[in-house]
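Okay, so here's the structure we're looking at.
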There are 2 protein chains.
Amino acid sequence: MTVAKTAVRKTVERQTGVALWRQIADRIRLAISNGDYDTTGMVPPETALAQEFGVNRHTVRSALAALADEGLVRAVQGRGTLIERKERVTYQISRRTRFSQGLGRQVKEIGSRLLGHDQVPASGEIATALGLAPGALLVELHTVSSGDGRPLSAAVSYFPADRFPRMAEEYARLGSVTKVFSAHGLDDYVRASTEIVARHADAEELALLELSPGAIVLEAHAVNADLEGRPVEFSRTRFAADRMKLRIET
Amino acid sequence: MTVAKTAVRKTVERQTGVALWRQIADRIRLAISNGDYDTTGMVPPETALAQEFGVNRHTVRSALAALADEGLVRAVQGRGTLIERKERVTYQISRRTRFSQGLGRQVKEIGSRLLGHDQVPASGEIATALGLAPGALLVELHTVSSGDGRPLSAAVSYFPADRFPRMAEEYARLGSVTKVFSAHGLDDYVRASTEIVARHADAEELALLELSPGAIVLEAHAVNADLEGRPVEFSRTRFAADRMKLRIET
DNA sequence: AAAGATTTGTCCGTATGTATG
DNA sequence: ACATACATACGGACAAATCTT
């Protein structure tokens, strides 16, 4: 191919504060989720991986041990390293985005846990997004959602308290924002806008999403509105980036 | 908030393959982009940071040195460590997404560099996305785009060779896919779908986007189609995550 | 069934990077 | 700048489990 030659190392980088075994674990995880090893259902032999990445076999073993610890692969002596789980869950963003709905076909069991709730005054970005005067009362929900036992996202959601006074209690009972909206007489709503940023997870997110340090989160700020265009929800959702893919239909 | 005085390193962890200085650099970078230090425009003193994170001052110095190397902060003897503030550029994704258009209002100067081009047979995901039989000829473009001299994205784009035979040459001349489409008689097109994944940058991306090791890229796979719904472009764009925000209008 | 090849598991030692004081 | 402790990475050798011939 006619590409200008750049002095690019095809191998992993050293002395960067990120251990080689972790960089290699990241690359193998990506290859697995890309389906690169689907023909065999196994990771290539340690010696082959060591050669591919230009490192010692021990280093590859450290990487595979980390992936085994995540439950992504399982090593069997004499046979190889089997892939246990490869799928990234796709989260679809469209005008009719519903959290649980799209996920239902991809995982057997969806979990929604309410970590806590509060009443807070609107301010700044949230007040603007919801079209409220600063100081208007909001219901704040902290939730974690998981698929087949693996945490997928941690969210903080805000709702106008005057319109959805029983939000927290109903959510604890129903486990779905869509159902609580229904219980408050709002039968339909649409996604107005979504903003997405990627960054390293902070300590709280590492704990909530059961991630290891250096992990990445996709943070989405979303506004949902009723059919008259009045905003009904502002949410800040942190997705575990290595377990999720976002799909946007336009 | 009430925090225990002996906050013993709840925030950073050891033996995880990520050096403490890098974990701390990540946290300071996040705090800067959150605007936590906006009142002073400076990072707190090294001793304060060392105490906050429960690490030795040497470790904090390593973290700050890394951030200075990125150009995010500048240490001045006797004064402190000054923040060189940089805003995230917003990239808007909608049915009418045009790369250069939305960026124009946010940066003074947009740069588009053609790294190379090739003719390749369609296969796998790309053939599917473009609705072509495997083996159909494609034009492949490698490009890097920047705003005010900072690299923002690196893309590999594919176009049906029979419909856009002069794609590579015209792009080199016009510097915009939209203009080349026009030159081939395609006056309008729409974004059909976009899939987004976040991951660590590989060695090639670190070089192309001038990132430091451990940096994050947002990878978007997009399909553009003409008004009859026939796909005209498949692109795989890697955005420098710490310089970009994606906005989705639905 | 036996032998050899392949692949993961474990042990030794050495050099360098990271973190503290 | 120095000293100390631990994590990371490398190299080699061999054992144990599995598959192929």
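None of the values given here were measured: they were computed from a predicted structure. Heavy-atom basis, side chains included; hydrogens, waters and symmetry copies ignored. Each chain gets a letter, A, B and so on, in the order its sequence line appears, and its residues count up from 1.
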Considering every strand and a 4.0 Å limit on heavy-atom distances, what is the contact class for Ser62(A): base, sugar-phosphate, or nothing?
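Touches nothing.
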For dG9(C), does the base pair up with any side-chain atom of His58(A) as donor and acceptor (N or O, under 3.5 Å, distance only)?
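For His58(A), whose side chain was compared with the base of dG9(C), there is no donor-acceptor pair (under 3.5 Å).
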Within the modelled atom types, does a donor on one side and an acceptor on the other bring the side chain of Arg57(A) and the base of dG9(C) under 3.5 Å apart?
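Under the 3.5 Å cut-off, the side chain and the base do form a donor-acceptor pair.
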dA9(D) phosphate, OP1 or OP2: any side-chain N/O from Asn56(A) under 4.0 angstrom?
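Looking at the OP1 and OP2 atoms of dA9(D), neither is under 4.0 Å from any side-chain N or O of Asn56(A).
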Within the structure, does a side-chain N or O atom of Arg79(A) lie under 4.0 Å from either OP1 or OP2 of dC19(D)?
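Answer is yes, contact under 4.0 Å.
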Contact between Leu103(A) and Leu152(A) at the side-chain level, heavy atoms closer than 4.5 Å - yes or no?
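With C-beta onward as the side chain, the pair touches.
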Under the 3.5 angstrom rule, does the side chain of Gln106(B) hit a backbone N or O of Thr90(B) as a donor-acceptor pair?
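At least one qualifying donor-acceptor pair exists.
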Mate of dA5(D) where both pairing distances stay under 3.5 Å, Watson-Crick or G-U:
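Answer to the pairing question: dT18(C), which forms a Watson-Crick or G-U pair with dA5(D).
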I need the [atom1]-[atom2] distance between [X] and [N], as an integer number of Å.
X: Gln77(A); N: dG9(C); atom1: CD; atom2: C1'; answer: 5 Å
X: Trp21(A); N: dT16(C); atom1: CH2; atom2: P; answer: 22 Å
X: Glu46(A); N: dC10(D); atom1: CD; atom2: P; answer: 14 Å

Quick one: on DNA chain C, does Thr47(A) or Arg22(B) contact a more 5' nucleotide (nearest heavy atom)?
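Its nucleotide being nearer the 5' end, the pick is Thr47(A).
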Could you go step by step and tell me if Glu205(B) and Arg199(B) meet the salt bridge (Lys or Arg N to Asp or Glu O under 4.0 Å) rule?
CA-CA 11 Å; Glu205(B) 290 151 0; Arg199(B) 57 175 174 77; 2.9 Å; yes
Does Val55(A) form a side chain to side chain contact (heavy atoms under 4.5 Å, CB included) with Val60(A)? I'd like the steps, not just the answer.
CA-CA 7 Å; Val55(A) 301; Val60(A) 170; 3.8 Å; yes
Could you work out which one of dA9(D), dG9(C), dA19(C) sits closest to the side chain of Ala75(A)?
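That would be dG9(C).
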